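Because the structure is a prediction, the values reported are computed rather than measured.
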Amino acid sequence: MFDQLLMHLLLLLGAAIALVWIFQRLLAPPVLGYLLVGVLLGPYTPGPVIEGHQLRLLAEYGIVFLLFTIGLSFSRPQLQALRHTVLWLGTAQVVLTTALVGVLAWLLGLAPVAAFVVGAVFAQSSTTILSKLLEEQREEQSRHGRLGLAMSVFQDVTAVPFVVIIPVLSLAVGAEAIAHSLGWAMVKAALALALVYAAGRWLLRPLFHLIVARRSTELFTLTVLFVSLAAAWITGSLGLSMAFGGFLVGMMLGETEFRHQIEAAIRPFRDVLLGLFFIGIGMLFDLSALPAVWPLALGGALGLLALKALVVAPIVRLSGTDALTAWRTGLLLAVGGEFGFALLAIALESGAIAGQAEQVALMSVLLSMVIAPFIIRHNGAIARRLTRSGARADEAESRLQPLNVADLRDHVIICGYGRVGHTVATLLHASAVPFVAFDADLTRVARGREDGYAVFYGDVADAGLFAAAHGERAALVVVTIDQADTVWRTVSFLRAHYPPLPIIARARDLEQSARLIAAGATRAYPEAIEASLRLGATALSLVGAAPENIDRLIQDVRDSDYRLVSEDERAARQPSV
């Protein structure tokens, strides 16, 4: 039994590695590779078959972690600022899509309950695909990206009443019972929100302060996993979506100084489990049924993409958004969603839908998820063609967003907020240069935030931290910490993963400076000698030397990698004769 389980696991991982590598080489979304793994190893194709039940149970936590990281990006103040837009836009999109698709399905001959199920399934969009592709395209903080993600998350929340109402409809009970069940679900959602909000306000920040004081990466990661899964358990125990709990606690933690370190800690778990989720989805694809239903499935997929874009774009436009952004948002939300599969499973179990209608709905959503990545990747070009606009709105959009770390481009990343880091931050702020600073000392983090600067808790030795801080978009990294080994590891990592990025590092002496230069630092300034140079410059100034000559002399010493100073030091140590 154990040998068989291990063999299945090796087969699953090997197939995933091979196919994802191929799709990446083809510049295609890795999501499609995971789906193909599921199809090949599923029960409907020849060859080895892997049991998908346990896999889907594990993969469900990938959605929890995904919504958790999205919650980190959508903190409570940001959602409050968007509530007037997202609330009515999201409600209008879900209601209109469900109604239009449901009526069309009913006119095509489906029973009213089955037609409603199809409408509800088609109303969902894929937060998973959307967030992953937007992140890869660096559009997650654009105006259309943030609006699309916010509306997609809202759709995930609207899946809760559908989870309640679909089984009730299958029993053909009266309107009074439906209203009672739906009202009770809303009460439980409000209770979950209150519980997570109270925990975030009075428990989570003190807990993370306590954990961070131990300076243990392992303990920090375990705490992040515990908190995210505990919130998922709370909402799951209330009969709600576990992903809803992940989003709520992420939203609470997004307001803290630990946000970026938390994102770095959770990212590996999220990516692996999301891969398993899509493999599980691929296992649902019944290729043997495809010849009989493929015209209806393809028509359903194309109709889904077109109809949702045509629904979303006008209602976003009515909110006062420009036409280009409205169409880009509509194209982002056109894809079918993974929560649609959950609704289909509930409908199948309760008998609300069955037979060919279930297969068509399943394959339509799957095909839309295959087609949609290409639409999302080219959403700008398609929207400009639809609006006959050649202008690029990316730069203008970025100026409309509230300034936060995720919005920064061409910014400076300061590693360490001690005496030197604070000085660098002050000079950058005075020069209106955007920056973000990280430090593993909570006292320094608190001091920086009191100064009004973007200072966060983070261990610069953690490679994931620079991904969370968008190192690929930074203009410069300044490493000011004084632990020699940590500085060397940080510089080596940055040079390996961000080759063009300029790096300035602080060194204790000439030996460490030379080691950092060899590791890839653009400049490495030894503290003691720099202090000596400034002292010498002041002395020259006081005896009447010209300022330009002093600056040129000091720069010559630096450009020579301090060889003049080092030679003088070696000469000073030579015994006199």
Side-chain angles (χ1 to χ4, degrees), residues 23-24 26-32 66 70 73-74 78 82 85-86 89-90 93 97 124-155 301-337 367-411 467 470 472-474:
F23 274 79
Q24 287 182 340
L26 296 174
L27 300 180
V31 167
L32 301 182
L66 172 70
I70 291 175
S73 300
F74 285 90
Q78 290 172 318
L82 291 170
T85 302
V86 174
L89 287 180
Q93 185 271 321
T97 303
Q124 305 301 310
S125 298
S126 177
T127 304
T128 309
I129 291 179
L130 184 57
S131 63
K132 208 167 183 62
L133 290 178
L134 285 176
E135 183 178 348
E136 291 176 4
Q137 296 169 206
R138 310 289 185 260
E139 294 182 22
E140 71 274 18
Q141 296 302 326
S142 64
R143 189 175 182 185
H144 63 277
R146 291 187 68 82
L147 186 57
L149 268 177
M151 291 178 66
S152 181
V153 170
F154 180 83
Q155 290 173 7
L302 296 177
L304 165 63
L305 295 169
L307 188 142
K308 288 184 72 176
L310 290 172
V311 167
V312 173
I315 61 176
V316 172
R317 187 75 178 93
L318 288 174
S319 70
T321 305
D322 62 276
L324 182 62
T325 300
W327 276 108
R328 295 187 76 170
T329 305
L331 291 169
L332 294 182
L333 292 172
V335 59
L367 287 175
S368 78
M369 293 174 76
V370 172
I371 298 171
F374 300 98
I375 296 177
I376 294 174
R377 195 171 296 282
H378 301 289
N379 71 86
I382 297 172
R384 283 190 287 275
R385 184 175 293 273
L386 290 172
T387 58
R388 293 184 173 85
S389 170
R392 296 187 61 87
D394 298 342
E395 294 79 10
E397 288 171 1
S398 65
R399 290 194 294 269
L400 295 175
Q401 299 301 323
L403 182 63
N404 60 51
V405 175
D407 293 332
L408 295 178
R409 293 180 182 272
D410 298 322
H411 56 291
H470 299 287
E472 74 284 353
R473 301 199 308 233

Next item on the list: Please tell me if the side chains of L304 and T97 come closer than 4.5 Å, counting only heavy atoms from C-beta onward.
Entry: no

Notebook entry, point to check: Hey, what do you get for CG (L134) to NE2 (H144), rounding to the nearest 0.5 Å?
Noted result: 6.5 Å

Next item on the list: Quick one: do L367 and L302 satisfy side chain to side chain contact (heavy atoms under 4.5 Å, CB included)? Show the steps, please.
Entry: CA-CA 9 Å; L367 287 175; L302 296 177; over 6 Å; no

Notebook entry, point to check: Which residue pairs pass the side-chain hydrogen bond (donor to acceptor under 3.5 Å, both in side chains) test with at least one member in residues 301-311, sequence neighbours excluded?
Noted result: S125-K308

Compile the donor-acceptor pairs under 3.5 Å between side chains in residues 309-316 and protein atoms, sequence neighbours left out, one pair per line.
none

Checklist line | Pairing residues for S368 by the side chain to side chain donor-acceptor pair (under 3.5 Å) criterion, not counting sequence neighbours | finding: none

Check: Which atom names give the shortest non-hydrogen contact between V335 and L332, and what distance separates them?
Finding: CG1-O, 3.8 Å

Next item on the list: Please confirm whether the backbone N or O of G148 pairs with a side-chain atom of S152, one donor and one acceptor, at under 3.5 Å?
Entry: no

Item checked: For I375, all residues meeting side-chain contact (heavy atoms from CB on, under 4.5 Å), sequence neighbours excluded -> L305, L331, I371, I382

Next item on the list: Please round to the nearest 0.5 Å and tell me the distance separating atom CG of L386 and atom CG of N379.
Entry: 11.0 Å

Checklist line | Contact summary for L89 and M151, nearest pair of heavy atoms | finding: O-CE, 3.8 Å

Item checked: Inter-residue atom distance H378.NE2 - R328.CZ, 0.5 Å rounding -> 12.5 Å

Next item on the list: Would you please name every residue forming a side-chain contact (heavy atoms from CB on, under 4.5 Å) with A323, sequence neighbours left out?
Entry: R317, T387

